[in-house]
Asks: 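Questions regarding the structure given below will be posed in turn.
Side-chain atoms are counted along with the backbone in the values below, which use heavy atoms only and exclude waters and symmetry mates. Order of the sequence lines sets the chain letters (A, B, ...), proteins ahead of strands, with each chain counted from 1.
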There are 2 protein chains.
Amino acid sequence: MLELQQNALLGLLPEEDLAHLLPHLEQVTLSLGQSLSESGRQMSHVYFPLDSIVSLLCVMEDGASTEIAVVGYEGVVGVSLFMGGETTPSRAIVQSAGKAYRLKGQLLKNEFYRAGPMQRLLLRYTQALLTQMAQTAVCNRHHSVDQQLCRWLLLSLDRLPGDKLIMTQELIANMLGVRREGVTESAGKLQRAGLISYNRGHITIIDRPGLEKRVCECYAVVKREYDRLLNHHDVM
Amino acid sequence: MLELQQNALLGLLPEEDLAHLLPHLEQVTLSLGQSLSESGRQMSHVYFPLDSIVSLLCVMEDGASTEIAVVGYEGVVGVSLFMGGETTPSRAIVQSAGKAYRLKGQLLKNEFYRAGPMQRLLLRYTQALLTQMAQTAVCNRHHSVDQQLCRWLLLSLDRLPGDKLIMTQELIANMLGVRREGVTESAGKLQRAGLISYNRGHITIIDRPGLEKRVCECYAVVKREYDRLLNHHDVM
DNA sequence: AGGCTTATGTACGTTAGCGTACTGAGTTGG
DNA sequence: CCAACTCAGTACGCTAACGTACATAAGCCT
């Protein structure tokens, strides 16, 4: 029961509503690179990450991709199910291996259409997701790779228990939609500045406040909006 | 009554649901540059554009802005009201003057929480909006100003009755989040190619198929998703 | 140990878009 | 009718990021 609280969204549900879902929540392990949702394909389940992180990516015809949002313990993968579209033109890829609860899509929809706390919660979450996407668009337009890398690191860090993440520069480049070499350069700067330490796919954050000083405003805008929309007081 | 059908979202509503709203829909004229929603401020009304176009913009601390989505007769301005957040960190600015229906926020919320066709419709629309934002993020990352201008022109054109739009290059630049000079250059290319004609704030589209040949895939992705999510057959 | 694979670092030249400055052509209003 | 203003076009140097190529280094497997 305590473990359920690891997903903030589920943790915000009143006990009796959670009780509805409890028997149907199935804990699964997500492995790095695993796809939870393919462009245009209907999802059978939605996922509530615990210590895993999932990236929502837009993939283009030429194979280039861009991360448009990231989902961790604070959210759920599969909003298109209850929004009514059933599918999306984006992909959901596991960016950091870990646990998640999964729930049959139909059961989530049933719960959603009861129009109770779960619906309110999911809608607020979706609005937060909207903000994250919007800010990603802005960041892509106006900010340097350096700043975007900081944003990405902080967003990931906020969704992980420790101060380490397992992620090659190649993969980060795919997420940000930039060259791998660009990530090498930016990460090098951060490393020389003593903010992070990089070691063959293992990143350790040494100086988080230092990262926060370098990041663009986009990070704070998104974080503030998540805090506002998903705090216990206002939602329920 | 026929006029109501000018807003596709309202037009998709079953007659009896529309009847609920009808007495409260107030036709207003939106003028170029008018703000319908400021960052963090609660909206008193939502707007269903008829022949007007509204841009959703993210404005940054330094004043630079980027359009994250555009709303015309196919949609509604103010999704944050029914999504539960009440406010958003973005602005809504009238990009093309014209008519719209407006509706008191509270009335829309009441209708939404009846959990009938209006709710389903608004949620599907919100998902389409989500896709538009995601694709804007991708486009900002990967495509040239030339392509983005084409996308922008086509998106606008799809929401206007004729083949003309009133819009200075300065304003387009603000929308796209690029320099005014960049727009001049790109628009110049389109003009020399005989696709558009530009005249002190008055653009006439001469060769729409030509534009469609130059535009990046982002335009089609978004259009397809709007068609899929908001066609009469699936929604009701 | 030694060879293979994968991850990272570095070094080019190229280019799109930026910042800035200025010109000229329409439009408006006194 | 002329001044003031707005809008569009052009030019030029600058920088961030790109594409490409190659070099090291760290882990992995036999």
Side-chain angles (χ1 to χ4, degrees), chain A residues 32-33 60 62-67 95-96 137-153 164-193 195-204 214-216, chain B residues 32-33 60 62-67 95 137-153 164-193 195-204 214 216:
Chain A
L32 181 63
M60 297 191 311
D62 66 359
S65 63
T66 308
E67 181 183 88
Q95 182 206 104
S96 180
V138 175
C139 203
N140 283 351
R141 161 66 62 217
H142 290 287
H143 298 137
S144 67
V145 173
D146 285 20
Q147 291 179 303
Q148 292 183 45
L149 177 60
C150 288
R151 175 173 64 85
W152 192 89
L153 287 171
K164 294 186 200 308
L165 51 164
I166 296 176
M167 178 65 47
T168 65
Q169 299 185 347
E170 180 81 42
L171 288 175
I172 297 182
N174 284 153
M175 301 290 172
L176 295 180
V178 299
R179 284 181 320 151
R180 196 267 312 161
E181 292 86 341
V183 175
T184 300
E185 280 188 40
S186 292
K189 288 184 203 171
L190 295 181
Q191 199 157 200
R192 283 188 290 278
L195 304 179
I196 67 172
S197 126
Y198 219 114
N199 194 280
R200 285 186 77 75
H202 293 253
I203 313 174
T204 308
R214 292 200 174 210
V215 75
C216 50
Chain B
L32 181 64
M60 296 190 313
D62 67 359
S65 62
T66 308
E67 181 183 88
Q95 182 205 105
V138 175
C139 202
N140 283 351
R141 160 68 60 217
H142 290 287
H143 298 138
S144 66
V145 173
D146 285 20
Q147 291 179 303
Q148 292 184 44
L149 177 60
C150 288
R151 176 174 62 87
W152 192 89
L153 287 171
K164 292 184 199 311
L165 50 164
I166 297 177
M167 178 65 49
T168 65
Q169 300 186 345
E170 179 82 43
L171 288 176
I172 296 181
N174 284 153
M175 300 290 172
L176 295 181
V178 300
R179 285 180 320 153
R180 195 267 311 159
E181 291 85 342
V183 175
T184 300
E185 280 188 42
S186 292
K189 288 184 203 170
L190 295 181
Q191 198 157 200
R192 283 189 290 280
L195 305 178
I196 66 171
S197 128
Y198 220 113
N199 195 281
R200 284 186 77 74
H202 293 252
I203 313 175
T204 307
R214 293 202 173 206
C216 50

Asks: Less than 4.5 Å apart, any side-chain heavy atom of Val145(B) and any of Glu185(B)?
Replies: no

Asks: Would you call Leu165(A) and Ser96(A) a side-chain contact if the rule is heavy atoms closer than 4.5 Å?
Replies: no

Asks: Specify the separation, in whole Å, of atom CZ of Arg179(A) and atom C1' of dT15(C).
Replies: 12 Å

Asks: If you round to the nearest 0.5 Å, how far is CG of Leu190(A) from CD1 of Ile196(A)?
Replies: 4.5 Å

Asks: Please state how far atom CZ in Arg180(B) lies from atom P in dC22(C), giving the value in whole angstrom units.
Replies: 15 Å

Asks: With a 4.5 Å heavy-atom cut-off, do Gln95(A) and Glu67(A) have their side chains touching?
Replies: yes

Asks: Go through the structure and list residues passing side chain to side chain donor-acceptor pair (under 3.5 Å) with Arg141(B), not counting sequence neighbours.
Replies: Asn140(A), Gln148(A)

Asks: Of all nucleotides in DNA chain D that come within under 4.0 Å of a heavy atom of chain A, which is furthest toward the 5' end and which toward the 3' end?
Replies: dA17(D) to dG27(D)

Asks: Taking atom C1' of dG17(C) as reference, at what distance in whole Å does atom CG of Asn140(B) sit?
Replies: 13 Å

Asks: Listed by chain and number, what are the side chain to side chain donor-acceptor pair (under 3.5 Å) partners of Lys189(A), not counting sequence neighbours?
Replies: Asp146(A)

Asks: Which residues, if any, of residues 181-192 of chain A bring a heavy atom under 4.0 Å of DNA chain C?
Replies: Glu181(A), Thr184(A), Gln191(A)

Asks: Want to settle it: does Asp146(A) or Gln169(B) sit nearer the 5' end of DNA chain D, counting the closest nucleotide to each?
Replies: Gln169(B)

Asks: Rounding to a whole Å, what distance do you find between Leu176(B):CG and dG17(C):P?
Replies: 11 Å

Asks: When you check every protein heavy atom under 4.0 Å of nucleotides 23-30 of chain C, what one-letter string (B, S, -) results, 5' to 3'?
Replies: --BBS---

Asks: To the nearest 0.5 Å, how far apart are CD in Gln169(B) and OG1 in Thr184(B)?
Replies: 3.5 Å

Asks: What are the two closest non-hydrogen atoms of Met175(B) and Trp152(B), and how far apart are they?
Replies: CB-NE1, 3.7 Å

Asks: Hey, could you give me the CE/OG distance between Met60(A) and Ser65(A), rounded to the nearest 0.5 Å?
Replies: 8.0 Å

Asks: Apply side chain to side chain contact (heavy atoms under 4.5 Å, CB included) to Arg200(B) and list each qualifying residue two or more places apart in sequence or on a separate chain.
Replies: none

Asks: Using side-chain heavy atoms (C-beta onward) and a distance below 4.5 Å, is Asp62(A) in contact with His142(B)?
Replies: no

